[in-house]
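Comments concern the structure below.
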Amino acid sequence: MLSDPVFDRATIRHKLIEFKIRWRGHIDQWKAENRPATESSHDQQFWGDLLACFGVNARDLYLYQRSAKRASTGHTGKIDMFIPGKVIGEAKSLGIDLDKAHEQALDYLLGGTIPNSQMPAYVLCSNFETLRITRLNRDYVGDSAEWDVTFDLDEIDEHLEQLVFLADYETSAYHEEEQASLEASRLMVELFRAMNGDEADEAVGDEAPTTPEEEDERVMRTSVYLTRILFLLFGDDAGLWDTPHLFTTFVRNETTPESLGPQLNELFRVLNTPEDKRPKRLPGTLAKFPYVNGAIFAEQLDPEYFDYAMREALLNACDFDWSKIDVSVFGSLFQLVKSKEARRGDGEHYTSKTNILKTIGPLFLDELRAQADKLVSNPATPVRKLEEFRDSLAAHIFCDPACGAGNFLLTAYKELRRIETDLIVAIRQRRGETGMSLNIEWEQKLSIGQFYGFELNWWPAKIAETAMFLVDHQANKELANAVGRPPQRLPITITAHIVHGNALALDWTEALPKAVGETFIFGNPPFIGQDTRTKQQLEEMKAVWRRKNISRLDYVTCWHIKSLDLFSTRNGRFAFVTTNSITQGEQVPLLFGPIFAAGWRIRFAHRTFSWDSDAPGKASVHCVIVGFDRAHEPRPQLWDYPNVSSAPVAVPVERVINAYLVDGPNVLVQKMTSPISCEIKPAVLGVMSRDVVLAPARNDTVPIQEVSVQTACH
């Protein structure tokens with residue numbers, strides 16, 4: 001996952017100009033002295049200087065000399081430069097044709113040593129005087145490329161946009177999913193505007209309606225319509241129907257502005273009816289739609305009457321390729337369509353997957369990925385071991401108890417399916433099965449049925465449930481590209497379990513089944529402090545904490561206590577994004593005392609950084625991420641931030657991470673009402689003229705009474 005870029009484009013361009021001047025000097029000197037510039041003598045310095053222009057410290061990332069097998073010979077060689085998932089680099093001596101370097105790089109990629117999860121998007125070749133950069137089509141490595149450009153060293157700053165991926169900027173080709181998701185949200189905005197007008201506005205985030213009854217009736221109906229239309233648009237382009245673009249054909253050829261609303265309602269009814277129970281004389285196009293099942297089309301809606309502009313907005317949406325969207329961020333975009341402020345910002349509000357992965361990565365995903373890569377990359381791993389690990393993925397339970405539109409769940413499922421796909425491919429290769437599988441459903445075990453979410457607001461809960469099905473279908477297509485036919489998911493028999501309700505009132509032990517493996521709890525609960533919580537939230541906190549005095553505890557700490565209750569009878573881990581106040585002052589012993597007493601340790605932590613909220617109009621919040629387990633291994637991981645908006649920097653941990661997110665003794669500083677040393681005088685507040693009271697009979701003021709407060713000694 002990409003991190004935040006270190007340099008802006010202007011800085012990179014300036015550094016590239018310095019780079020080309022410096023290396024042009026080296027090359028001219030070599031030529032003048034008739035001294036050869038060989039691959040082995042100068043390539044590491046060349047790569048290091050080039051990467052430094054983009055803020056990459058090659059020495060820290062151990063990029064050089066990656067061992068890999070060549071497909072053409074089966075022999076193991078050395079890749080000159082390799083960043084997993086990003087780029088493979090090959091250098092040749094001055095004057096050597098770069099085609100040879102390019103072919104060698106592809107030979108390594110096809111050799112079987114590089115797992116799918118590390119397959120780079122780019123090939124970068126150099127003979128010092130010339131560079132060649134290729135953007136690979138990763139589905140067809142070795143056969144096809146999305147673009148390929150060769151240029152002289154002296155022109156390198158003119159090719160900044162082809163190289164900015166090295167700085168973790170995403171080039172136009174590389175961030176196609178993100179751009180498609182933003183364009184999709186704009187199309188939904190236009191459809192919403194056409195149906196409701198531009199002034200329709202609904203609160204989102206913490207202020208969103210918690211029940212359909214609280215929602216404006218018209219906006220609610222539009223919301224359900226948009227959810228269903230999203231499903232149909234995605235189905236058109238992602239292969240949900242046997243007939244391609246079936247929904248688009250239906251809208252364009254069989255409806256008019258006047259008939260579209262009733263026709264859509266009839267389509268919704270058909271999609272909720274099994275084929276054998278449909279009318280025999282059902283028109284042909286409607287009859288071609290499969291039975292969907294699931295709750296998405298179950299509710300009978302009053303007809304929506306469309307006009308010309310509304311139908312045109314729908315047709316514009318039909319013309320877009322919905323298979324390109326990134327469903328894991330689209331949930332947020334779709335939720336915000338209802339906010340007037342978000343619509344006028346073109347929907348450009350979405351949860352960063354980078355931030356989501358800061359939570360689920362070190363909690364479970366990084367470990368599972370590393371284990372899978374180790375098994376897949378070792379040719380001696382028996383099929384039985386690969387199958388056992390694949391099956392173990394289906395034994396876990398994953399839950400976000402404040403799931404919103406499902407971003408954490410969607411990202412977790414998408415990444416876990418990629419791990420499973422790599423294992424399935426490796427299993428088939430070990431067995432010598434090179435053809436397309438006819439029984440892929442027997443091999444694919446991971447299920448959206450293992451994923452649970454609790455959500456207070458009804459609209460995001462609906463979006464999360466729908467989006468989980470769509471991301472499952474995307475994952476099935478990726479699997480089909482590798483091994484054969486995708487698993488059949490229609491009619492829907494397995495869904496993610498999105499519970500619409502108050503997570504703090506739910507009994508988590510009843511809502512979540514016991515897992516054969518582990519239960520993983522994660523997410524981003526509401527940020528509500530002492531000064532902003534309502535009376536109802538205060539009562540909820542007292543019930544969860546089982547104490548009358550809540551003190552300065554943040555609302556988010558209730559999710560920690562609910563997790564402790566859940567894990568008192570099962571194995572697992574948990575991690576939450578929270579405000580950084582939980583690691584400061586009075587809250588620390590109150591929260592971390594019970595956690596440590598129950599046998600938990602801090603498995604990983606991110607110190608204070610800025611987390612941008614999805615909700616429009618909200619300021620960014622200074623957050624921490626703290627993950628917990630009851631194990632002794634692996635060594636705890638800690639990240640710090642030079643400033644709240646910068647990229648994380650790993651901090652070595654020699655002992656433990658304590659409650660203050662420091663590598664040090666696990667000491668909790670308790671609040672005291674008297675000094676711990678008799679040599680220290682009690683502290684007093686003194687006079688604070690922060691208010692005045694007018695005496696009724698005199699035209700003067702009465703100062704606030706002086707208050708003496710004893711504080712803890714430090």
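Quick note: residue numbers are just sequence positions, from 1. Worth knowing before you read on, the calculation uses all heavy atoms, side chains too, and leaves out hydrogens, waters and symmetry mates.
- In terms of the side-chain hydrogen bond (donor to acceptor under 3.5 Å, both in side chains) criterion, residue partners of D565 (sequence neighbours excluded) are, by chain and number, R546.
- Listed by first and then second residue, the salt bridge (Lys or Arg N to Asp or Glu O under 4.0 Å) pairs that reach into residues 282-293 come to none, sequence neighbours excluded.
- The shortest distance between side-chain heavy atoms of P526 and W559 falls below 4.5 Å.
- Side-chain N or O atoms of Q444 include one that pairs as donor or acceptor with a backbone N or O of L446 at under 3.5 Å.
- Listed for the S392 side chain is a donor-acceptor partner under 3.5 Å among the backbone atoms of F389.
- The two atoms that bring I521 and S563 nearest to each other are CG2-OG, 4.0 Å, heavy atoms only.
- The main-chain N or O of I427 is never found under 3.5 Å from a side-chain atom of E387 such that the two would form a donor-acceptor pair.
- Taking the side chain as every heavy atom from C-beta outward, F522 and L409 approach each other to under 4.5 Å.
- Although no hydrogens or angles enter the test, the distance criterion places a donor-acceptor pair under 3.5 Å between the side chain of H497 and the main chain of G449.
- When the salt bridge (Lys or Arg N to Asp or Glu O under 4.0 Å) test is applied to R573, the partners found at least two apart in sequence or on another chain are E367, E518.
- Two residues are said to be in side-chain contact when any heavy atoms from C-beta on lie closer than 4.5 Å; L416 and F451 meet this criterion.
- When every heavy atom of V577 is checked against every heavy atom of I625, the shortest pair comes out as CG2-CG1, 3.9 Å.
- Annotation: side chain of L506 is in contact with side chain of V499 (closest heavy-atom distance under 4.5 Å).
- Salt bridge absent: R369 and E415 never bring a charged side-chain N and a carboxylate O closer than 4.0 Å.
- Looking at residues two or more places apart in sequence or on another chain, you find no side-chain hydrogen bond (donor to acceptor under 3.5 Å, both in side chains) involving E312.
- Side-chain atoms of T411 never come within 3.5 Å of backbone atoms of F408 as a donor-acceptor pair (strictly under, hydrogens ignored).
- A donor-acceptor contact closer than 3.5 angstrom is absent between the side chains of R278 and T273.
- Although no hydrogens or angles enter the test, the distance criterion places a donor-acceptor pair under 3.5 Å between the side chain of R570 and the main chain of P513.
- Across all non-hydrogen atoms, the minimal contact from G523 to D400 is CA-OD1, 3.6 Å.
- For D236, the side-chain hydrogen bond (donor to acceptor under 3.5 Å, both in side chains) partners are W241, T248, not counting sequence neighbours.
- With sequence neighbours excluded, the residues satisfying side-chain contact (heavy atoms from CB on, under 4.5 Å) with E540 are N502, L504, Q536, Q537, Y555.
- Contact between A464 and G404 at its shortest, heavy atoms only, is CB-O, 3.9 Å.
- Sequence neighbours left out, the pairs with a member in residues 503-517 that pass side-chain hydrogen bond (donor to acceptor under 3.5 Å, both in side chains) are D507-T509.
- Aromatic pair F398/F364: centroids less than 6.0 angstrom apart.
- Scanning all heavy atoms of the two residues, the minimum distance from L271 to P290 falls at CD2-O, 3.5 Å.
- When ring centroids are compared, H560 and F576 come within the 6.0 Å threshold.
- With sequence neighbours excluded, the residues satisfying salt bridge (Lys or Arg N to Asp or Glu O under 4.0 Å) with E388 are R384.
- Remark: F268 engages Y225, F297 in a ring pair (Phe, Tyr, Trp, His ring centres under 6.0 Å) (not counting sequence neighbours).
- Across all non-hydrogen atoms, the minimal contact from A511 to Y452 is O-CE2, 3.6 Å.
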(message) Evaluate I397 against F520 for side chain to side chain contact (heavy atoms under 4.5 Å, CB included), listing each step before the verdict.
(response) CA-CA 6 Å; I397 294 294; F520 300 102; over 6 Å; no
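- Checked by atom type and distance alone, the side chain of R311 pairs as donor or acceptor with a backbone atom of R252 at under 3.5 Å.
- Side-chain atoms of R390 never come within 3.5 Å of backbone atoms of I424 as a donor-acceptor pair (strictly under, hydrogens ignored).
- With sequence neighbours excluded, no residue forms a salt bridge (Lys or Arg N to Asp or Glu O under 4.0 Å) with E258.
- Ring centroids of F231 and F469 are separated by less than 6.0 Å, placing the two rings close together.
- In terms of the salt bridge (Lys or Arg N to Asp or Glu O under 4.0 Å) criterion, residue partners of E420 (sequence neighbours excluded) are, by chain and number, R417.
- Checked against ring pair (Phe, Tyr, Trp, His ring centres under 6.0 Å), F247 has no partners two or more places apart in sequence or in another chain.
- With a 4.5 Å cut-off on side-chain heavy atoms, T578 and C623 do not count as touching.
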